[in-house]
Student: 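For reference, the structure I am asking about is given below.
Numbers restart at 1 for each chain; the letters A, B, ... are given by sequence-line order, proteins then strands. Since this is a predicted model, take the numbers as computed values, not measurements.
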Number of protein chains: 2
Amino acid sequence: MKKTTIHDIARELNITFSTVAKALNDHPRIKASTKIAVREMAVKLNYQQNKLASSLKSGKTGIVGVLVPTLDVSFFSSVVHGIESVMNENGYSILLYQSKELHAHEVSGIETFLQSRVEGIISSLALETSTFDHFKELKERGIPVLLFDRTDDEIGVPCVRIDDYRGGYMATEHLIKQGCKRIVHISTDQNVKIFKERLRGYKEALLHYNLPVDDKLIFYGNLSIELGMQCIQQLVDNNVDFDGIFAFEDYTGLGVLKQLKKLNITIPNQVKVIGFANEAFGAHITPPLSTVDQQTVKMGEESARLFLKLLKSGEYYSTTPEQIVLDPLLIIRESSGGVG
Amino acid sequence: MKKTTIHDIARELNITFSTVAKALNDHPRIKASTKIAVREMAVKLNYQQNKLASSLKSGKTGIVGVLVPTLDVSFFSSVVHGIESVMNENGYSILLYQSKELHAHEVSGIETFLQSRVEGIISSLALETSTFDHFKELKERGIPVLLFDRTDDEIGVPCVRIDDYRGGYMATEHLIKQGCKRIVHISTDQNVKIFKERLRGYKEALLHYNLPVDDKLIFYGNLSIELGMQCIQQLVDNNVDFDGIFAFEDYTGLGVLKQLKKLNITIPNQVKVIGFANEAFGAHITPPLSTVDQQTVKMGEESARLFLKLLKSGEYYSTTPEQIVLDPLLIIRESSGGVG
DNA sequence: CTGAAAGCGCTAACAT
DNA sequence: ATGTTAGCGCTTTCAG
């Protein structure tokens with residue numbers, strides 16, 4: 001069963017295919033009656049425009065490549081949800097690729113996108129990625145790129161992210177205002193900018209409130225529940241004095257809560273805890289975990305909007321790359337002694 | 001900056017573009033030396049094959065449409081993660097569309113996919129969808145469709161799902177074996193097959209163990225934490241005797257736990273609770289919630305594999321539509337008095 | 001081993 | 001108001 005084309009419609013109606021094409025595109029110089037006839041025949045024959053052909057001719061595919069580390073993490077799937085929604089409203093489709101946190105897959109994804117002639121790429125960097133030639137080359141070749149969350153200034157493209165520095169500052173400040181004097185920060189040894197920014201915010205907040213920055217209170221490890229548990233155990237084993245914990249993300253914060261409970265250290269009385277990311281479980285655990293929300297869906301929507309705005313301006317890279325920095329939202333729950 | 005084409009490569013090398021095409025496709029009748037020359041020039045000129053053109057000519061796009069209700073629910077994003085992984089390994093790309101649980105969006109998504117000449121569609125039905133003409137028509141027109149999880153036999157296409165009946169049976173049986181005699185089931189009034197199947201499994205398990213099916217112990221409402229809370233309150237207010245709760249999904253189960261704790265009813269001593277879906281929070285709440293795992297990533301992978309197998313067979317609809325039914329996995333935690 | 005030529009289905013400038 | 005024509009960049013048969 002072959003697909004019907006404008007030629008089929010033309011033949012049925014005894015007109016030329018170019019008249020059909022114009023009728024379907026609502027060309028002003030086509031008689032209303034033939035437009036109607038053409039459309040009826042199109043429906044009758046189950047006609048579907050072949051976008052491959054029209055894209056080939058027009059040079060516009062209406063497709064945007066979305067390249068993310070994985071969809072199996074709620075942060076990314078939520079952002080992609082936002083991107084797709086806005087793109088869809090604007091008549092664009094999404095070609096999806098997961099980098100699996102690998103540099104090589106990222107390169108493959110870009111290759112695939114270019115071959116498919118996407119009109120641009122929206123992406124968030126893989127953890128493994130530490131050189132950025134593949135993205136810089138896209139920019140040099142004039143291909144629209146927008147990065148969200150995991151970005152790098154070196155690349156020089158528009159980006160949308162939250163203010164991780166501010167988030168780190170807010171989380172720490174909150175603990176200070178709750179009365180904490182010796183606040184631990186658990187971070188990661190991975191070379192990822194956003195985590196460094198949260199650490200920077202932590203330090204700045206301490207300085208601002210005249211509290212010492214004590215390296216013995218800063219831990220580095222791999223994102224996991226276990227990391228949080230180990231840090232608490234280590235603090236206790238070494239008789240380190242502490243009354244607040246700011247974990248760089250919620251899973252680590254969860255580990256912190258678990259171990260504190262196990263050791264019968266009361267939360268939030270003896271120790272106050274805050275995480276980062278506002279994962280789905282945080283509101284439902286005991287005690288509910290205070291955290292910092294990253295506005296994931298909005299991040300996706302804003303990414304799509306900025307991308308489309310620049311695309312439609314016709315000069316995507318003409319000016320200094322625009323940045324949208326979203327405000328992190330402090331979510332106060334019982335673990336930090338808030339209004340729970 | 002125009003894209004380079006095979007004509008550009010040909011001109012540089014003083015050969016014809018058709019030789020270039022053959023060289024790039026590793027055609028056997030092309031001299032090794034010219035293949036090398038062509039490839040070097042291709043790299044030098046930053047050549048990217050234009051898939052639009054080759055798809056138009058060959059009739060194969062290597063693109064599969066994935067149409068899901070939303071990515072903002074971990075179940076779906078996790079399945080899509082599995083689909084993309086397998087498709088990617090097999091050289092296919094994913095065009096993504098969210099139906100937002102709406103029938104009309106589902107129709108639009110299909111329309112978009114057809115225009116983009118996808119080689120098939122993998123989808124899960126929107127809650128709103130109760131007539132299936134749009135999918136049946138795809139089948140009639142020979143377009144490969146595979147449904148996962150939210151399917152309908154009436155459509156008659158291959159599908160991948162878990163055995164919800166069995167999951168409902170297992171959950172109920174588990175509570176019975178834990179000693180429960182009066183087990184409540186909370187379900188939904190939405191007309192969704194998988195939820196009805198869980199209910200059917202619940203009833204069968206009771207019958208099998210010679211326990212009465214009591215309509216006063218079956219509740220219907222809208223998927224939410226509140227639903228679980230309300231049901232418990234109602235049971236207590238009406239002095240209904242019960243010692244086990246099987247919630248049709250985890251959020252409702254969470255509400256159940258919350259309200260039981262509020263009313264100082266001990267879990268699992270007085271009442272044992274189990275949910276369904278194995279949401280991320282279940283393992284981390286107090287007490288940890290027993291549940292039934294749906295093997296989401298595997299569901300995506302199996303969907304992609306079955307789809308590709310049928311596609312490659314060259315006769316997608318030749319036989320009775322194949323069904324893959326995955327086994328639900330019982331996850332026993334403290335809320336049902338299991339090995340916690 | 002390489003070249004010539006037709007055509008996939010459409011757009012759009014240019015005729016008529 | 002409609003028709004003619006020339007491609008978009010590629011695959012693929014057939015000729016040389």
Side-chain angles (χ1 to χ4, degrees), chain A residues 1-39 41-42 45-63 91 111-119, chain B residues 1-39 41-42 45-63 91 111-119:
Chain A
M1 160 147 45
K2 299 227 52 170
K3 301 257 188 237
T4 75
T5 73
I6 48 177
H7 292 91
D8 300 319
I9 297 175
R11 197 181 325 111
E12 293 291 318
L13 261 36
N14 271 316
I15 52 179
T16 54
F17 75 95
S18 92
T19 304
V20 173
K22 284 173 198 149
L24 288 172
N25 291 326
D26 209 20
H27 189 107
R29 288 196 286 224
I30 296 291
K31 213 178 7 182
S33 61
T34 82
K35 281 184 188 172
I36 292 169
V38 164
R39 281 188 196 134
M41 187 54 70
L45 299 182
N46 252 319
Y47 173 75
Q48 301 274 359
Q49 186 198 44
N50 187 331
K51 277 196 185 163
L52 296 172
S54 83
S55 298
L56 178 60
K57 181 70 209 180
S58 69
K60 300 223 162 301
T61 53
I63 295 178
E111 175 88 5
T112 302
F113 287 162
L114 292 179
Q115 293 184 347
S116 297
R117 297 297 190 264
V118 297
E119 295 187 23
Chain B
M1 159 148 42
K2 298 227 52 167
K3 299 256 189 242
T4 75
T5 73
I6 48 175
H7 292 92
D8 300 319
I9 297 176
R11 197 182 323 110
E12 293 292 317
L13 261 37
N14 270 318
I15 53 180
T16 54
F17 73 95
S18 90
T19 303
V20 173
K22 283 173 198 150
L24 288 172
N25 290 326
D26 208 21
H27 189 107
R29 290 197 285 225
I30 297 290
K31 215 177 5 184
S33 61
T34 83
K35 281 185 188 171
I36 292 169
V38 165
R39 281 190 195 131
M41 188 55 70
L45 299 181
N46 251 321
Y47 172 75
Q48 302 275 357
Q49 186 198 43
N50 186 331
K51 277 197 186 163
L52 295 173
S54 82
S55 298
L56 179 60
K57 182 70 208 178
S58 69
K60 303 226 160 297
T61 53
I63 296 178
E111 175 88 5
T112 303
F113 287 162
L114 292 179
Q115 293 183 349
S116 298
R117 296 298 190 264
V118 297
E119 295 188 22

Student: For A:Gln48 and C:dC8, what is the distance between atoms CD and C1' respectively, to the nearest whole Å?
Tutor: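 Taking atom C1' of C:dC8 as the reference, CD of A:Gln48 is at 18 Å.
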Student: Do the side-chain N or O atoms of A:Thr16 get closer than 4.0 angstrom to the phosphate oxygens (OP1, OP2) of D:dG3?
Tutor: yes
Student: Angle between the two end axes of the helix from C:dC1-D:dG16 to C:dT16-D:dA1, five base pairs per end, rounded to 10 degrees?
Tutor: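 One end's axis against the other's: 40°.
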Student: Between P on C:dT2 and CG on B:Asp26, what's the gap in Å once rounded to a whole number?
Tutor: 13 Å
Student: Measure from the side chain of B:Ile6, starting at C-beta and using heavy atoms only, and say which of D:dT5, D:dT2, D:dT11 lies closest.
Tutor: D:dT11
Student: What is the distance from CG of A:Asn25 to P of C:dG9, rounded to the nearest Å?
Tutor: 17 Å
Student: Check B:Lys3 against B:Asp8 and note the closest heavy-atom contact, atom names and distance.
Tutor: O-OD2, 3.8 Å
Student: Using a heavy-atom cut-off of 4.0 Å across all strands, would you classify A:Ser18 as base, sugar-phosphate, or nothing?
Tutor: base
Student: Just to confirm, is there a sub-4.0 Å distance from OP1 or OP2 of C:dC8 to any side-chain nitrogen or oxygen of A:Asn50?
Tutor: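 For A:Asn50, the contact criterion (side-chain N or O under 4.0 Å from OP1 or OP2 of C:dC8) is not met.
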Student: So which one's nearest nucleotide on DNA chain C is more toward 5', A:Arg29 or B:Pro28?
Tutor: B:Pro28
Student: Base, sugar-phosphate or nothing for B:Lys22? Non-hydrogen atoms, less than 4.0 Å.
Tutor: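 If one applies the 4.0 Å heavy-atom cut-off, B:Lys22 turns out to touch a base.
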Student: Using modelled atom types only, decide if a donor and an acceptor are shared between the side chain of B:Arg39 and the backbone of B:Ala23 within a distance under 3.5 Å.
Tutor: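 Yes, B:Arg39 side chain to B:Ala23 backbone: donor-acceptor pair under 3.5 Å.
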Student: Which atom names give the shortest non-hydrogen contact between B:Ala53 and A:Leu56, and what distance separates them?
Tutor: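 Closest approach of B:Ala53 to A:Leu56, heavy atoms only: CB-CD1, 3.9 Å.
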Student: When you check the phosphate oxygens OP1 and OP2 of D:dT2, does a side-chain N or O of A:Thr34 lie under 4.0 Å from one of them?
Tutor: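 Looking at the OP1 and OP2 atoms of D:dT2, one of them is under 4.0 Å from a side-chain N or O of A:Thr34.
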Student: Rounded to whole Å, please give me the gap between CD1 in A:Ile30 and C1' in C:dT16.
Tutor: 14 Å
Student: Over all heavy atoms of both residues, which pair between B:Ser55 and A:Leu52 is shortest? Give the atoms and the distance, please.
Tutor: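 Closest approach of B:Ser55 to A:Leu52: CB-CD1, 3.8 Å.
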Student: Quickly work out the B:Phe17 CZ to C:dG3 C1' distance and round it to whole Å.
Tutor: 9 Å
Student: How close do A:Ile30 and A:Lys35 get, counting heavy atoms only, and between which atoms?
Tutor: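 Shortest heavy-atom contact: O-CE, 3.4 Å.
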Student: On DNA chain C, compare the nucleotides closest to B:Leu56 and B:Ile15; which residue's is nearer the 5' end?
Tutor: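 Per heavy-atom nearest nucleotide, the more 5' residue is B:Ile15.
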Student: Return the nearest nucleotide to the side chain of B:Ala53; candidates are D:dT11, D:dG9, C:dA4.
Tutor: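 The nucleotide sitting nearest to the side chain is D:dG9.
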Student: Separation of B:His27 atom NE2 from D:dC10 atom C1', in whole Å?
Tutor: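 Going from B:His27 (NE2) to D:dC10 (C1'), I get 15 Å.
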Student: Any idea which heavy atoms bring A:Ala21 and A:Ile6 closest together, and the distance?
Tutor: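 Scanning both residues completely, I find the closest heavy atoms to be CB-CD1, 4.1 Å.
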Student: Which atoms form the tightest heavy-atom contact between A:Arg117 and A:Thr61, and what is the distance?
Tutor: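 Nearest pair, atom of A:Arg117 first, then A:Thr61: O-OG1, 2.8 Å.
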Student: Roughly, in whole Å, what's the span from NZ in B:Lys57 to C1' in C:dC10?
Tutor: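 In whole Å, C:dC10 C1' and B:Lys57 NZ are 14 Å from each other.
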Student: Let me know the distance between CD of B:Gln49 and P of D:dG9, rounded to the nearest Å.
Tutor: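 My rounded result for the distance is 13 Å.
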